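Shown next, in structure tokens, is the structure this report addresses.
Here the structure is a predicted model, which means the values were calculated and not measured.
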Protein chains: 2
Amino acid sequence: MAEGKEGVIPEPTLARLHRYQAVLRRLRREGALTVSSERLGEEAGTEAALVRKDLSYLRCTGQRGIGYDLDTLLAVLREALGPAEPRPLIIVGAGPLGVALAGYAGFELLGYRLLGLFDSNPARVGHHVAGLVVRHARELPETVAETGAKLAIIAVPAARAQETADLCVAAGLRGLLNFAPCPVKVPPGVVVRQMDLSEELEILNYQLTCAAHRAANPARGG
Amino acid sequence: MAEGKEGVIPEPTLARLHRYQAVLRRLRREGALTVSSERLGEEAGTEAALVRKDLSYLRCTGQRGIGYDLDTLLAVLREALGPAEPRPLIIVGAGPLGVALAGYAGFELLGYRLLGLFDSNPARVGHHVAGLVVRHARELPETVAETGAKLAIIAVPAARAQETADLCVAAGLRGLLNFAPCPVKVPPGVVVRQMDLSEELEILNYQLTCAAHRAANPARGG
DNA sequence: CTTTGTGAAATTTTTCACAGCG
DNA sequence: CGCTGTGAAAAATTTCACAAAG
């Protein structure tokens with residue numbers, strides 16, 4: 001019944017597309033040339049019909065009776081999920097978490113280029129991390145302007161999260177991945193995604209509690 | 001129309017409840033004694049009606065004309081989102097990310113107690129991290145049995161993710177927070193949540209692209 | 001015979017709107 | 001009045017089911 005926007009991909013679909021991408025890469029390494037929606041669904045933990053529905057948003061080019069050409073599908077996904085050229089990425093916060101993330105082995109493979117590691121603590125400025133030198137946070141606007149970076153990872157303590165977000169926005173960054181355990185507010189046009197350990201742990205815990213509960217009690221009406 | 005299970009909280013609601021909790025803590029520090037659903041919604045980035053709907057799952061006790069008592073609400077949330085006693089938590093992988101996560105300042109506050117840091121690399125075993133000694137992964141089952149731990153964070157490279165997950169499951173762990181950049185498969189009854197940097201970055205990027213696209217093109221019918 | 005692609009149904013989640021309490 | 005609490009409507013998402021294609 002959604003007759004409005006035809007070029008829009010629902011967010012849950014989007015999240016799955018990334019999982020498909022990961023699965024497809026692995027399958028390709030394993031020598032596969034094609035995949036069926038059923039196989040892809042099984043590997044990605046979802047159902048065949050949903051896979052097809054998801055892929056239908058991409059005007060994808062499967063072959064009936066055979067499945068999807070793996071490389072074609074990967075190409076389509078790559079195009080849909082973002083341009084192929086490395087996207088500049090910045091990390092703000094050179095504490096343990098920031099440093100660990102800077103060493104994350106996946107960025108290059110995923111099409112990101114980690115451009116800088118910033119911190120407002122002078123004691124940390126100048127340290128060498130993952131082939132980069134930690135720079136002072138005040139240099140952030142300059143770097144953003146020079147490189148056209150749009151994405152940053154916030155890896156600072158909760159107490160500094162909001163000011164860091166403000167700094168990023170002022171510097172011209174437009175997408176923030178916030179690892180601080182508290183939400184931050186940003187003006188319209190800026191997007192934040194919360195990587196909240198606590199939230200994930202709680203959901204995990206809840207799901208476990210639910211499962212255990214369901215195993216113990218047969219039902220529970222209000 | 002969902003007349004089936006009455007004691008079940010939808011997952012999106014659950015995720016928001018955690019945000020509410022964070023907001024409420026901040027508001028309390030700021031001296032507030034009560035909140036209205038509208039205020040809470042504004043702070044948490046959602047709408048008043050949805051806040052009330054969410055809270056209605058908890059049989060919460062707001063006062064009409066006034067709002068919700070902040071401390072009462074926090075108590076209700078704490079009870080709903082998990083028992084008050086510290087839940088044991090284990091980290092598998094003592095590389096940079098595992099170490100950083102071990103130093104994460106929020107676990108205690110959130111009701112978790114980090115019990116152990118494990119690694120299968122002998123070179124890392126014995127190192128002191130965040131007040132803990134890194135132990136060999138083979139000791140994992142023992143620790144799980146002794147402490148009744150159910151939750152673990154997987155912080156290993158992608159290539160080791162699946163075997164690590166298998167190890168955790170075999171050891172008796174039931175909820176896994178996977179930081180490795182690839183999904184893992186687990187048997188039924190075990191819950192995994194993917195903390196996928198790449199996925200989040202891609203979604204962020206997509207949202208930005210969308211926003212930019214929408215600003216440029218007015219519409220795009222099929 | 002297998003598998004895609006897709007309307008339509010079913011389900012889930014959000015928004016609306018308002019009765020009812022303080 | 002202001003604000004909660006909650007059915008009912010609306011919207012979004014997933015599942016179903018099947019025609020069409022190789």
Side-chain angles (χ1 to χ4, degrees), chain A residues 1-17 19-20 24 27 32-70 72-73 76-77 80 203 206-207 210 222, chain B residues 1-20 24 27 32-70 72-73 76-77 80 203 207 210 222:
Chain A
M1 310 282 179
E3 286 297 328
K5 334 223 158 164
E6 294 228 359
V8 162
I9 300 177
E11 195 164 315
T13 290
L14 192 64
R16 283 189 300 271
L17 289 177
R19 186 150 306 171
Y20 300 159
L24 291 170
L27 289 177
L33 294 175
T34 61
V35 268
S36 67
S37 56
E38 190 168 315
R39 177 79 195 281
L40 182 48
E42 190 185 333
E43 295 282 337
T46 186
E47 303 217 0
L50 190 49
V51 169
R52 293 198 298 273
K53 194 68 134 185
D54 288 342
L55 293 180
S56 76
Y57 287 106
L58 307 180
R59 314 200 188 299
C60 73
T61 54
Q63 275 189 292
R64 298 175 192 233
I66 297 179
Y68 298 83
D69 178 71
L70 215 151
T72 305
L73 196 46
V76 169
L77 280 171
I203 294 177
Y206 171 80
Q207 291 180 346
C210 271
Chain B
M1 309 280 183
E3 285 297 330
K5 335 223 157 166
E6 293 228 356
V8 162
I9 301 177
E11 194 165 317
T13 291
L14 193 64
R16 283 189 300 272
L17 289 177
H18 294 279
R19 187 152 305 172
Y20 300 159
L24 291 170
L27 290 176
L33 295 175
T34 61
V35 266
S36 66
S37 56
E38 189 167 315
R39 178 80 195 282
L40 182 48
E42 191 184 333
E43 295 280 339
T46 184
E47 303 218 358
L50 191 48
V51 169
R52 295 199 296 277
K53 194 66 137 184
D54 287 342
L55 293 180
S56 76
Y57 287 106
L58 307 180
R59 314 200 185 299
C60 75
T61 55
Q63 275 189 295
R64 295 169 194 242
I66 298 178
Y68 298 84
D69 178 70
L70 215 150
T72 305
L73 196 46
V76 169
L77 280 171
I203 293 176
Q207 291 179 346
C210 269

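- As judged by a 4.0 angstrom heavy-atom cut-off over every strand, Leu55(B) is placed among residues making no nucleic acid contact.
- The CG atom of Leu58(B) sits 11 Å away from the P atom of dG5(D) (whole-angstrom rounding).
- Separating the CG atom of Asp69(B) from the C1' atom of dG22(C) is a distance of 15 Å, rounded to the nearest angstrom.
- To the nearest angstrom, P of dT3(C) lies 15 Å from CG of Leu70(A).
- Dashed line: the shortest gap from a side-chain N or O of Tyr68(A) to OP1 or OP2 of dG5(C) is under 4.0 Å.
- Annotation: side chain of Cys60(B) is in contact with side chain of Tyr68(B) (closest heavy-atom distance under 4.5 Å).
- Side-chain atoms of Arg64(A) and base atoms of dT3(C) include no donor and acceptor less than 3.5 Å apart.
- For DNA chain C, the neighbouring residues in residues 47-54 of chain A, judged by any heavy atom under 4.0 Å, are Arg52(A), Lys53(A).
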Yes or no on side chain to side chain contact (heavy atoms under 4.5 Å, CB included) for Leu27(B) and Arg39(B), after CA distance, side-chain angles and deciding distance?
-> CA-CA 10 Å; Leu27(B) 290 176; Arg39(B) 178 80 195 282; 3.5 Å; yes

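- Rounded to whole Å, the distance from CZ on Arg39(A) to P on dT2(C) is 17 Å.
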Quick one: side chains of residues 48-55 of chain A, donor-acceptor pairs under 3.5 Å with protein atoms, not counting sequence neighbours, listed by atom name and distance.
from: Arg52(A); atom 1: NH1; to: Ser37(A); atom 2: OG; distance (Å): 3.1
from: Asp54(A); atom 1: OD1; to: Thr13(A); atom 2: OG1; distance (Å): 3.0
from: Asp54(A); atom 1: OD1; to: Arg16(A); atom 2: NH2; distance (Å): 3.0
from: Asp54(A); atom 1: OD2; to: Arg16(A); atom 2: NE; distance (Å): 2.6
from: Asp54(A); atom 1: OD2; to: Arg16(A); atom 2: NH2; distance (Å): 3.4
from: Asp54(A); atom 1: OD2; to: Tyr20(A); atom 2: OH; distance (Å): 2.6

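- A straight line from CD1 of Ile66(A) to P of dG5(C) spans 12 Å, rounded to a whole angstrom.
- Here the P atom of nucleotide dG5(C) and the CD atom of Glu38(A) are 15 Å apart, to the nearest Å.
- Spacing between atom CD1 of Ile9(B) and atom C1' of dT13(C) amounts to 15 Å, rounded to whole angstrom units.
- Contact of the His18(B) side chain with the Leu77(B) side chain is not registered, since no non-hydrogen atoms from C-beta on lie closer than 4.5 Å.
- Within the 4.0 angstrom heavy-atom criterion, only backbone atoms of the sugar-phosphate kind lie near Arg16(A); the bases stay farther away.
- Checking Leu40(A), Leu33(A), Leu24(A), Thr34(A) one by one against Leu70(A), the side chain to side chain contact (heavy atoms under 4.5 Å, CB included) holds for a single residue, Leu24(A).
- For Ala80(A), the side chain to side chain contact (heavy atoms under 4.5 Å, CB included) partners are Leu58(A), not counting sequence neighbours.
- In this structure, Leu73(A) places its CG atom 10 Å from P of dG5(C), rounding to the nearest Å.
- In this structure, Glu47(A) CD and Glu38(A) CD are separated by 9.5 Å, a value rounded to the nearest 0.5 Å.
- A residue-by-residue look at Gln63(A) and Pro10(A) shows that Pro10(A) has its nearest nucleotide of DNA chain D further toward the 5' end.
- Which of dT14(D), dT4(C), dT4(D) sits closest to the side chain of Ser37(B) comes down to dT4(D).
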